[in-house]
Amino acid sequence: MPDRPTLDGLEAKWDAVWAEHGTYDFDRTAARADVFSIDTPPPTVSGSLHVGHVFSYTHTDLLARYQRMAGKSVFYPMGWDDNGLPTERRVQNYYGVRCDPSVPYDPSFSPPAEPAKEQVPISRRNFVDLCHVLTAEDEQVFEKVFRQLGLSVDWNHTYATIDDASRRAAQRGFLRNLARGEAYAQEAPTLWDVDFRTAVAQAELEDREMPGAYHRLTFSGVEIETTRPELLPACVALVAHPDDERYQPLFGTTVTTPLFGVTVPVLAHPLAQPDKGTGIAMICTFGDTTDVTWWRELDLPVRSVIGRDGRILPTPPEGVAAEPYAELAGKNVKQAQKRIVELLAESGDLIGEPKPITHPVKFFEKGDRPLEVVTSRQWYIRNGGRDATLRERLLERGAELTWHPSYMKTRYDNWVGGLNGDWLISRQRFFGVPFPLWYPLDEAGELLYDQPLLPTEAQLPIDPASDVPEGFTEDQRGVPGGFVGDPDVMDTWATSSLSPQIAGGWEDDPDLFGRLFPYDLRPQAHEIIRTWLFATVVRAHHEHDRLPWSDAAISGWVLDPDRKKMSKSKGNVVTPVEHLDKHGSDAVRYWSASARPGTDTAFDENQIKVGRRLAMKLLNASKFALAFPEPTPGEVTDPLDRALLEALARVVEEATTAFASYDPSRALERTETFFWTFCDDYIELVKSRAYGEQGASACRALRIALDTLLRLFAPVLPFATEEVWSWWQDGSVHRAAWPTTDGLKTGGDPAVLDMAGEVLAQVRKAKSNAKTSMKTPVTSLVITDSAERLALVSLAQGDLVNAGVVETVTLVEGEPAIEVTLGEAPPKQQ
RNA sequence: GGGCGUGUAGCUCAGCGGUAGAGCGCUCGCCUUACAAGCGAGUGGUCGGGGGUUCGAUCCCCUCCGCGCCCA
């Protein structure tokens with residue numbers, strides 16, 4: 001036991017010991033009933049660690065540590081989400097390369113020493129290799145911080161969403177979805193990011209308020225208003241609300257588009273808004289998702305004018321006049337709009353001046369330009385968006401799940417209820433899990449999409465860009481009568497939605513999987529309920545016909561001290577490592593643990609300091625309690641000591657209930673309150689007695705209480721508690737049993753401690769008011785109260801006399817009052 | 001515009017039908033042999049506004065306002 005205990009260095013010291021002893025290793029011989037399995041969120045490793053990570057991962061760790069002490073074998077893996085766009089962008093910039101799937105794989109490739117000015121095109125496989133190299137470095141940084149933070153992860157169980165096991169699981173899952181008809185490919189209008197050149201799923205959209213302008217155009221005298229005049233050549237109809245009397249006479253007639261001279265019908269549809277613009281709108285293929293709905297429901301033709309690069313296509317759609325169109329071809333949307341407005345003004349078809357407005361426009365959440373709608377072939381997984389029966393089943397799954405806090409379920413219900421299409425899982429990108437299939441080419445070189453060539457599950461993972469289907473050779477790739485691989489990769493969520501299967505060794509290690517699945521806990525943040533949580537439910541529903549876990553614990557967000565969301569662009573991001581270094585991990589964990597589950601929390605360095613104070617106090621109080629000679633075995637006999645243990649028994653009950661109901665913050669609050677009373681009142685009261693010959697009862701109580709408190713604090717303060725534990729106990733506190741009330745229920749009356757505390761407070765108050773030392777003697781202490789309460793005082797009278805330096809005590813029955821008479825202050829010591 | 005959450009002492013937050021709580025801050029003290037990165041005491045709130053239910057509301061209901069997230 002050190003003379004001057006310190007928190008410094010405890011993280012490195014104990015992390016090493018825990019690793020060496022396998023303190024947090026999962027016992028894979030444990031039966032399912034004795035396992036607590038956690039579907040840990042895999043953080044995106046291409047960014048830096050955010051204080052929000054520290055916050056929410058601590059919440060999970062608190063539950064893991066509680067369950068471990070409560071006797072479970074805890075399966076607490078760690079995953080890294082390293083596939084997808086963020087990694088691609090990093091690799092491109094870091095190495096100066098770009099992926100070109102048409103380049104053949106070069107086994108001897110090594111990246112340029114310095115990033116070239118012109119990005120070097122490399123094969124998909126080489127590009128993916130570089131992604132692996134870079135993410136491996138990032139993952140080490142993350143692991144280091146998580147270890148410093150004291151996460152009780154079993155580091156033998158890690159995965160990355162791009163590693164072999166993940167790709168195998170994702171491809172296997174997809175092939176099974178395909179075989180059962182849950183996955184399908186379709187040529188359809190799709191939201192498209194023209195910069196990333198990829199399709200985007202509903203869950204990745206966000207609306208942004210953008211400036212625009214209403215342009216009033218005349219179609220054979222019918223005036224419409226549009227924010228996208230550049231789509232005029234893509235116009236296929238006009239539409240008004242069926243009840244709109246102004247336009248009812250026109251329904252069924254046709255009008256002619258200005259400039260391009262295309263005859264289009266005037267139609268009725270309830271989605272048309274009579275109060276918007278002139279009440280009649282032009283339908284283009286495709287300006288937005290409403291156009292898609294109209295196009296589908298009104299059975300309209302396609303006149304595409306925007307290419308996948310966001311520019312006007314070189315040739316006009318059939319029936320569109322070539323002359324004015326040529327002026328637009330090749331221009332981007334902004335340029336085309338400028339030019340067509342000029343042309344419309346010249347022709348007299350533009351009525352008045354454009355009216356500036358701001359309106360919500362759909363963006364890819366990572367994108368910089370508005371999304372366009374293009375027609376392309378994409379893969380989907382059925383998620384109830386087009387199937388009311390499946391949607392109902394998935395809503396029932398949400399109801400089967402136990403949500404912490406319970407109101408988070410509403411977000412799931414709202415999302416599932418509002419789905420309007422299936423889940424688009426294909427991306428026209430490179431660093432992702434490839435779709436594991438090929439297509440034969442007929443003699444004319446046409447792809448036979450309806451006859452895909454599939455690998456067996458035993459062959460997985462495969463890359464159809466470099467692997468060859470059964471019965472073909474590489475030289476048949478891309479030639480008539482040969483084959484081509486599916487060019488797309490899966491969206492990140494299509495892999496991470498299988499995190500329980502990936503982490504648990506689904507099919508690869510059935511024995512392990514059987515001990516984990518379905519998992520006990522999915523911890524995660526609330527903003528990805530609609531993506532990660534829902535997607536995981538969908539996959540498990542299809543694959544296993546059950547929920548992937550019984551409980552979901554949803555963390556809140558960390559906001560900046562002004563309650564604003566932290567974001568790099570605002571420059572208000574708090575980096576966690578400096579706080580871990582400065583205040584210690586236990587202190588930061590204390591701040592995290594103080595937040596109620598699901599509640600957003602403002603970052604508050606003050607709370608971290610309070611946590612450090614608590615951890616420090618724990619070291620000092622422990623040192624003091626353990627400095628008394630080890631008591632002989634025996635009973636705790638003194639009424640005050642028994643009162644303490646009885647009060648502690650209630651804390652144990654409350655903390656246990658709180659942890660079992662996924663509320664560590666409550667457990668901490670109760671434990672902490674008790675602990676300060678223990679230090680400030682109880683220890684002060686029993687100090688003198690514990691030193692003396694009659695001290696055995698107090699010394700026993702001190703040790704019992706300390707033992708219990710260390711266990712109660714262990715989940716929150718793993719380093720300080722382990723340090724103290726090592727002074728006088730064997731093994732790790734983190735493998736010790738969660739405390740029970742056995743040994744605390746001594747039949748004592750907690751009121752004895754309360755009453756003694758009240759009297760002590762009055763004595764201290766008198767000394768404070770007199771601005772004198774606490775050592776100043778009390779010549780007379782007169783306590784007036786009911787007989788019942790006086791009896792409580794008398795049970796602790798000896799300790800009160802010692803702690804208060806009281807010379808005479810008088811107990812009187814009557815109206816409650818405490819009278820303190822002070823003597824001379826003792827001389828000051830040097 | 002909709003959904004969910006939230007609004008309690010200067011700050012961060014507990015409490016959630018029966019006379020307002022903690023920590024921090026601030027003020028005043030105390031070298032008290034575990035801890036001066038400590039200890040003791042004090043200070044501080046018409047519980048966002050307005051209605052309603054109730055013997056009684058911070059707590060339940062309605063409505064408005066602010067903030068956060070998600071969605072349109």
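Just so we're on the same page: letters track the sequence lines, and every chain starts at 1.
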[atom1] gap between [N] and [M], integer Å:
N     : M     : atom1 : answer
B/C11 : B/G45 : P     : 13 Å
B/G21 : B/U58 : C1'   : 12 Å
B/G15 : B/G52 : P     : 29 Å
B/G50 : B/C65 : C1'   : 11 Å
B/A41 : B/A22 : P     : 11 Å
B/U32 : B/A36 : P     : 12 Å
B/C13 : B/C67 : C1'   : 16 Å
B/G18 : B/C24 : P     : 27 Å

Interatomic distance, [X] [atom1] vs [N] [atom2] [rounded to whole Å]:
X      : N     : atom1 : atom2 : result
A/F675 : B/C35 : CZ    : C1'   : 10 Å
A/I529 : B/G3  : CD1   : P     : 17 Å
A/K771 : B/G29 : NZ    : P     : 4 Å
A/L619 : B/C35 : CG    : P     : 13 Å
A/Q273 : B/G1  : CD    : P     : 15 Å
A/M1   : B/A34 : CE    : C1'   : 10 Å
A/I608 : B/G23 : CD1   : C1'   : 15 Å
A/E605 : B/G25 : CD    : P     : 13 Å

Item to check | Salt bridge A/K362-A/D288, side-chain N to carboxylate O under 4.0 Å | outcome: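 Between A/D288 and A/K362 there is no salt bridge, as every charged N stays at least 4.0 Å from the carboxylate O atoms.
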Checklist entry - So does A/R228 pair up with A/E372, basic N to acidic O under 4.0 Å? => result yes
Next on the checklist: Centre-to-centre under 6.0 Å for A/W591 and A/F603, is that the case here?
Outcome noted: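 Under 6.0 Å, so yes.
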Checklist entry - For the residue pair A/F678 and A/F674, does the interplanar ring angle fall in the parallel (under 30°), tilted (30 to 60°) or perpendicular (over 60°) class? => result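 The arrangement is parallel - the two ring planes meet at less than 30°.
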Checklist entry - Which atom pair, heavy atoms only, marks the closest approach of A/A199 to A/T190? => result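 Heavy atoms of A/A199 and A/T190 come nearest at CB-CG2, 3.5 Å.
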Next on the checklist: Tell me which pairs pass side-chain hydrogen bond (donor to acceptor under 3.5 Å, both in side chains) where either residue lies in residues 659-668 of chain A, with sequence neighbours left out.
Outcome noted: A/D663-A/S665
Next on the checklist: Assuming nearest nucleotide by heavy-atom distance, tell me which of A/V610 and A/R4 is located more 5' along RNA chain B.
Outcome noted: A/V610
Checklist entry - Do A/L648 and A/L712 come close enough that some side-chain heavy atom pair is under 4.5 Å? => result yes
Give every pair of a protein N or O atom and an N or O atom of nucleotides 70-72 of chain B that lie under 3.5 Å apart, one pair per line with the distance.
from, atom 1, to, atom 2, distance (Å)
B/C70, O3', A/R530, NH1, 3.1
B/C71, OP1, A/R530, NE, 2.5
B/C71, OP1, A/R530, NH1, 2.7
B/C71, OP1, A/R530, NH2, 2.8

Item to check | Contiguous Watson-Crick or G-U pair runs (3 or more, under 3.5 Å) in RNA chain B | outcome: B:1-7 with B:65-71, B:10-13 with B:21-24, B:25-30 with B:38-43, B:48-52 with B:60-64
Item to check | Any side-chain donor near an acceptor of the partner, A/D81 and A/S496, under 3.5 Å | outcome: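 Not at all, the side chains of A/D81 and A/S496 share no donor-acceptor pair under 3.5 Å.
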Checklist entry - Are A/Q148 and A/D581 linked by a side-chain donor-acceptor pair shorter than 3.5 Å? => result yes
Checklist entry - What residues, two or more places apart in sequence or in another chain, satisfy salt bridge (charged side-chain N to carboxylate O under 4.0 Å, His left out) together with A/K13? => result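 If we apply the salt bridge (charged side-chain N to carboxylate O under 4.0 Å, His left out) test to A/K13, skipping adjacent residues, the hits are A/E723.
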Next on the checklist: Using a 4.0 Å heavy-atom cut-off to protein, can you give one letter per nucleotide of nucleotides 6-20 of chain B, 5' to 3': B if the base is in contact, S if only the sugar-phosphate is, - if neither?
Outcome noted: ------SSSS-----
Checklist entry - For nucleotides 37-43 of chain B, read 5' to 3', which letter fits each nucleotide if B means a protein heavy atom sits under 4.0 Å from the base, S means only the sugar-phosphate is that close, and - means neither? => result BSSBSS-
